[in-house]
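Right, one structure below, let's go through it.
Note that this is a predicted model, so its numbers are computed, not measured.
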Amino acid sequence: RPKKLDFTGGTIPVTLEFINTAPIFIPAIRVFQEYAGHLFGSVENSPTKIKLIFQEELDNGYRISIQNNVVVSASSTIGMNYALSTLLQLAEITDDGVFFPQCEIVDEPDSSWRGVMIDLARCFHEIEYLYAVADLCWFYKINRFQIHLTDDQAIRFPISSLPNAVSDEHYTREQLTKLVEYCHDRGITIVPDIDAPGHFRAFNTAYPELFGPINEIEGAETTAQTNVVSGIMRVQEETFAIMQQIFKEVTEVFYDSPWIHIGGDEAQINQWDNCSVSKKYCSEHGLSDIHELYGHCVARFSQIILDMGRT
């Protein structure tokens with residue numbers, strides 16, 4: 001529920017015609033008109049206008065005043081998207097037409113991160129499905145859309161330096177770039193998720209000479225959920241160089257995301273005890289055991305991403 005919501009009685013006809021005072025609101029207008037067109041078609045000869053006003057102090061919040069006309073105030077494209085999603089939710093479709101209720105609304109987000117995550121590595125969905133999720137994110141003001149792109153089961157992100165790594169079902173760079181742009185216009189940031197150093201079996205299988213074959217690791221654990229051996233990255237300098245290239249390609253596609261998710265969870269680090277290459281790396285870098293090696297890997301991945309200007 002908005003911070004302030006006062007219905008003042010009465011309704012006015014819905015309109016898709018805008019009076020815009022700020023160019024930054026143009027993408028939000030296009031989005032609203034697209035969704036409104038899907039919901040109730042064209043609106044002809046409406047006397048109502050929607051006036052958009054830039055109001056700096058609102059940050060990512062917004063104000064809506066619906067009386068004889070509609071006045072919407074915000075200070076950013078994100079805030080205007082929130083306002084127009086609320087406006088669309090207010091529209092009432094009746095036998096006599098489509099109407100807005102007369103009301104006064106003031107609202108702002110309670111949380112800066114309101115997210116949804118889809119595990120695409122374990123369960124592939126066609127790109128159209130991701131667009132549908134993005135539409136729901138806009139409608140319900142969800143601003144972070146995390147997509148889990150790699151895991152033991154599959155790699156859905158195309159990596160130019162590792163062409164054999166990508167699974168049969170995957171997304172092209174062009175598809176993902178267009179999805180990023182679609183979400184950007186709606187005030188939604190896609191957060192890419194590349195899991196390392198654990199959940200790595202798909203990489204192990206595609207490039208065992210780089211990441212280590214599963215069969216060299218005795219006692220590798222099988223996960224109850226997937227009934228597959230949970231892979232882990234073989235640790236060597238060459239591996240970090242390849243991971244740097246992967247993260248670079250990820251940042252190029254997801255250009256507007258300040259964040260790159262590296263997973264790091266549920267890594268079966270006990271497998272490193274049986275990996276001579278990883279144990280050699282430990283010795284060369286003064287790491288006393290596999291627990292220090294795990295922390296070292298996460299720190300190096302984090303620094304690679306920080307050096308690219310991301311978090």
Side-chain angles (χ1 to χ4, degrees), residues 1-55 58-110 114 116 127-145 178-179 181-189:
R1 183 179 174 87
K3 300 292 186 295
K4 175 186 176 183
L5 173 58
D6 295 326
F7 289 105
T8 57
T11 61
I12 62 172
V14 159
T15 181
L16 301 185
E17 186 173 343
F18 283 82
I19 300 171
N20 182 24
T21 64
I24 64 169
F25 297 149
I26 291 174
I29 292 173
R30 288 199 301 262
V31 171
F32 176 85
Q33 290 174 331
E34 176 186 337
Y35 290 139
H38 291 323
L39 285 177
F40 39 77
S42 62
V43 179
E44 299 179 356
N45 302 319
S46 173
T48 309
K49 302 292 187 294
I50 302 174
K51 185 175 182 179
L52 305 187
I53 296 176
F54 179 85
Q55 194 168 340
L58 289 174
D59 195 13
N60 284 333
Y62 63 89
R63 288 192 176 101
I64 298 174
S65 176
I66 304 176
Q67 298 304 325
N68 294 328
N69 283 291
V70 181
V71 179
V72 182
S73 304
S75 67
S76 65
T77 301
I78 293 173
M80 186 54 70
N81 270 299
Y82 296 157
L84 295 182
S85 71
T86 296
L87 196 62
L88 195 64
Q89 291 170 17
L90 288 170
E92 301 175 7
I93 302 174
T94 73
D95 293 338
D96 298 322
V98 188
F99 299 90
F100 289 133
Q102 291 177 316
C103 61
E104 301 289 331
I105 296 175
V106 178
D107 200 14
E108 63 183 2
D110 284 326
R114 302 176 307 285
V116 62
I127 194 71
E128 293 78 12
Y129 178 86
L130 302 186
Y131 278 93
V133 173
D135 291 339
L136 290 173
C137 287
W138 180 86
F139 193 72
Y140 291 108
K141 304 178 179 65
I142 295 170
N143 64 345
R144 307 286 182 253
F145 182 8
K178 287 183 177 179
L179 180 65
E181 293 169 351
Y182 186 86
C183 288
H184 182 82
D185 283 347
R186 286 154 177 76
I188 303 161
T189 302

**Asked** How many angstroms lie between atom CZ of Arg144 and atom OG1 of Thr189, to the nearest 0.5 angstrom?
**Response** 4.5 Å
**Message:** Within the structure provided, determine whether Lys51 and Asn69 are in side-chain contact (heavy-atom separation under 4.5 Å).
**Reply:** no
**With Phe32, the ring pair (Phe, Tyr, Trp, His ring centres under 6.0 Å) member among Phe18, Phe139, Tyr82** = Phe18
**Item:** Side-chain heavy-atom pair Asp59, Glu108 within 4.5 angstrom cut-off
**Value:** no
**Request:** Check whether any side-chain heavy atom of Gln67 sits under 4.5 Å from a side-chain heavy atom of Glu104, and report yes or no.
**Result:** yes
**Item:** Distance (rounded to the nearest 0.5 Å) between Ile127 CD1 and Tyr182 OH
**Value:** 11.5 Å
**Complete:** Of all heavy-atom pairs linking Lys49 and Ile19, the shortest is CB-CD1, 4.0 Å
**Request:** Go through the steps to decide whether Leu90 and Ile105 satisfy the test side-chain contact (heavy atoms from CB on, under 4.5 Å), and finish with yes or no.
**Result:** CA-CA 11 Å; Leu90 288 170; Ile105 296 175; 3.7 Å; yes
**Asked** Partners of Tyr129 by ring-ring contact (aromatic ring centres under 6.0 Å, His included), sequence neighbours excluded?
**Response** His125
**Request:** Check Ile188 against Cys137 and note the closest heavy-atom contact, atom names and distance.
**Result:** CD1-CB, 3.6 Å
**Request:** Would you mind reporting whether Leu87 and Val70 have side-chain heavy atoms less than 4.5 Å apart?
**Result:** yes
**Prompt:** Is there a side-chain contact between Asn20 and Ile29, using heavy atoms and a 4.5 Å cut-off?
**Reply:** yes
**Prompt:** Is there side-chain contact between Tyr35 and Leu84, with at least one heavy-atom pair below 4.5 Å?
**Reply:** no
**Prompt:** Looking at Met80 and Ser73, what are the two nearest heavy atoms and their distance?
**Reply:** CE-C, 4.5 Å
**Asp6 CG to Gln102 CD distance, which is reported to the nearest 0.5 Å** = 13.0 Å
**Item:** Interatomic distance, Trp138 atom CH2 to Asp185 atom CG [nearest 0.5 angstrom]
**Value:** 12.5 Å
**Request:** Write down the atom of Phe145, the atom of Ala134, and the distance for their closest heavy-atom approach.
**Result:** CE2-N, 4.3 Å
**Message:** A side-chain contact here means heavy atoms from C-beta on lying under 4.5 Å apart; do Ile12 and Asn68 qualify?
**Reply:** no
**Item:** Minimum-distance pair of heavy atoms, taken over all atoms of Ala36 and Leu16
**Value:** CB-CD2, 3.4 Å
**Complete:** Checking Asp135, Ile78, Asn143 against Arg186 for side-chain contact (heavy atoms from CB on, under 4.5 Å), the one that qualifies is Asp135
**Prompt:** How far apart are the closest heavy atoms of Ile53 and Thr21, and which atoms are they?
**Reply:** CA-OG1, 3.5 Å
**Asked** How many angstroms lie between SG in Cys103 and NZ in Lys4, if you round to the nearest 0.5 Å?
**Response** 10.5 Å
**Prompt:** Is there side-chain contact between Leu136 and Val116, with heavy atoms separated by less than 4.5 Å?
**Reply:** no
**Prompt:** Is there a donor-acceptor pair closer than 3.5 Å between any side-chain N or O of Ser76 and the backbone N or O of Asn60?
**Reply:** no
**Request:** Check whether the side chains of Tyr62 and Asn81 place a donor and an acceptor atom closer than 3.5 Å, and report yes or no.
**Result:** no
